[in-house]
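So the structure is just underneath, and the comments pick up after that.
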Amino acid sequence: MTPDPQSSDRGALEIAERHERAASELIRETELQLYIDGVWVDSIGDARFDVRDPTTGIRLAMAQAGNAADIERAVTAAWRGYETWKTKSPAERQTILTEISDRVEARAEEFARLDSLDNGKPITEARGDIELVVDHFRYFAGAARTLEGKTVPVGRDQHVETIREPYGVVGQIIPWNFPLLMATWKLAPALAAGNAVVLKPAEETPLSLMEFVHEVGDLLPAGALNVVTGYGPEAGASLVEHPRVSKIAFTGSTEVGRGVMKGAANNLTDISLELGGKSPLIVFPDADVNRAVDVAIDAMFYNAGECCCAGTRLFVHDMLREQFVEEFAAAAEALVVGDPLLEKTDIGPKISATQVERTEQYIKLATEVGGQVVTGGGRPTDDRLGRGNFVLPTVIERAPHEARAAQEEIFGPVELVFGWNSYDRLIEQVNDVKFGLAAGIVTDDLTTARRAARDIEVGNVWVNQYNEFPAGQPFGGYKQSGIGRETARETIEAYTRTKTINFRVG
Ligand code: NAI
Ligand code: MG
């Protein structure tokens, strides 16, 4: 049915008005500044960029394009901040991080709406992000108390002990898909370990982080937390290459991650990288089809596919395949694509027009090599959504596994479905990508699940569910999906270094 033009105009207007109201309620300042040394300051340069609402295209704020000189100031401030922050006892750091989580929790709904507005994610999902923000700050508040050294027996006349020390100043660069949550995954463990931080948010989504700094900045010593907005190749690269930054933590594309590793090599700066994925979801023949469909919908269409761990290659056993694809496509069609601020919405817009084009390009690449679009395939025809970066949930069958669309990260709501009947051949194919971030398995057979979990070359496996991120559970990739683990005990350790002290005895 084609919507009549007048009512679709009204529909678009209604969305635009809702977003303008939300923006005026939620955005404290539309001219963002940099946060350096505990105060809001202007960039040394005058370059600015727009922060846009991906649902309506309207400008939400102007941000400053921080440059190398701003990074220099921030790094200097961070070393000063570190001098104070490192004197805090673990108990004091725990108290402060707990207070941070409490303050975010008290305003959880506002932070969720801000991320929904800025990123386009459905409000119901944004609430989940903020719950995790709170959970992760609490977890790392506790973890601040767990850093311990050891004594090493080496013989009668020496006493060897180790202590764990923070790096000093850590540089952190994050993407736009989970704005405040990605900031939290990096800030909470770094601060808990006693480091000072210079963080560069993604160009697309600085708003929730800026509000976070307004909310909690006074809890930290000046300079312990610095935020510099700006473009990746300028602000990001100067942070990576800065000789007085002792560790770099990056989340984003594998391509940029490779550049970060090269940049860090100049000063042999330690790094952690959380990069892209092309994660498999495997449905075994004993699986309940309804449950498998639910897991697959979550794995693929959560956050409109803008997830590094999205389950984008779906391997369904041939015995179930026909029934599964039918039900999966029906469930994908039933997802509500629309205004992310509405409770009923399942799929919001993608972050940018560039990301829409990229997704469409991959759909085209898949169909050119024999892929058949079962549902979706492009932008919605609903004119009310015409101003936003929307793509329909898309399911493609029969593309060869060697196809670029099956090998490369699309980062959009596009699922490629493959059949399988031999376990060995399945595992070969599952592992035949350069990535190794996550995987999902649907089966009621524990032995099958364990065996497959061990055979798949990835850092994270979910069984009969997907996208669960409780704090404490390590997250990170094998192969070209990254280096290091976040969200866990080993993360706080990774923000410290071991110092060995050897005493002469007698
Ligand atoms: P990106 O990797 O360019 O951006 C991520 C962050 O890196 C941003 O803060 C950006 O400013 C920064 N950055 C960019 N160039 C840099 C450089 N030379 N030095 C230091 N920092 C730099 O990702 P982008 O362009 O937003 O998206 C492109 C593709 O990357 C997506 O289509 C998706 O496939 C992938 N991606 C993966 C993410 C993940 O969670 N693994 C997150 C975002 C994007
Ligand atoms: Mg980029």
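First listed ligand is number 1; within each ligand, the first listed atom is number 1.
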message = Looking only at distances, can you tell me whether any N or O atom of Gln355, backbone or side chain, sits closer than 3.5 Å to an N or O atom of ligand 1?
response = yes
Ligand 1 N/O within reach of Val260 N/O, cut-off under 3.5 Å = no
Which segment of [X] sits under 4.0 Å of ligand 1 when only heavy atoms are counted:
| X | value |
| --- | --- |
| Glu203 | side chain |
| Thr254 | neither |
| Met182 | neither |
| Arg358 | side chain |

Please tell me whether [X] and [Y] have a donor and an acceptor in their side chains that are separated by less than 3.5 angstrom.
| X | Y | answer |
| --- | --- | --- |
| Thr375 | Glu333 | yes |
| Ser208 | Asp115 | yes |
| Asp42 | Gln33 | yes |

note = If you compare Gly482, Pro233, Ala310 by their heavy atoms, the one closest to atom 18 (N) of ligand 1 turns out to be Pro233
query = Out of Gly232, Gly263, Cys309, Gly477, whose heavy atom is nearest to atom 19 (N) of ligand 1?
reply = Gly232
query = Distance under 6.0 Å and angle within 45° of the ring axis: does Lys350 meet both against Phe390?
reply = no
query = Is Arg313 positioned over the aromatic face of Phe418, cation under 6.0 angstrom from the ring centre and no more than 45 degrees off axis?
reply = no
For [X], atoms of ligand 1 separated by under 4.0 Å from a heavy atom:
| X | answer |
| --- | --- |
| Gly236 | 19 (N), 20 (C), 21 (N) |
| Trp176 | 24 (P), 26 (O) |
| Cys308 | 39 (C), 40 (O), 41 (N) |
| Val256 | 2 (O), 3 (O), 13 (N), 14 (C), 15 (N), 16 (C), 17 (C), 22 (C) |
| Pro175 | 42 (C), 43 (C) |
| Ile174 | 6 (C), 8 (C), 9 (O) |
| Lys200 | 9 (O), 10 (C), 11 (O) |

Please verify the inter-ring angle class for [X] with [Y]; under 30° counts as parallel, over 60° as perpendicular, anything in between as tilted.
| X | Y | value |
| --- | --- | --- |
| His136 | Trp185 | tilted |
| Phe475 | Phe469 | perpendicular |
| Trp40 | His214 | parallel |
| Trp79 | Tyr82 | perpendicular |

query = Which pair of heavy atoms, one from Ala78 and one from Asn226, lies closest together, and at what distance?
reply = CB-ND2, 3.5 Å
message = So is Phe250 touching ligand 1 or not, going by heavy atoms under 4.0 Å?
response = yes
query = Contact between Ala237 and ligand 1, counting heavy atoms under 4.0 Å?
reply = yes
task = Answer yes or no: is there an ion pair linking Lys434 with Glu408, defined by an N-O contact shorter than 4.0 Å?
result = no
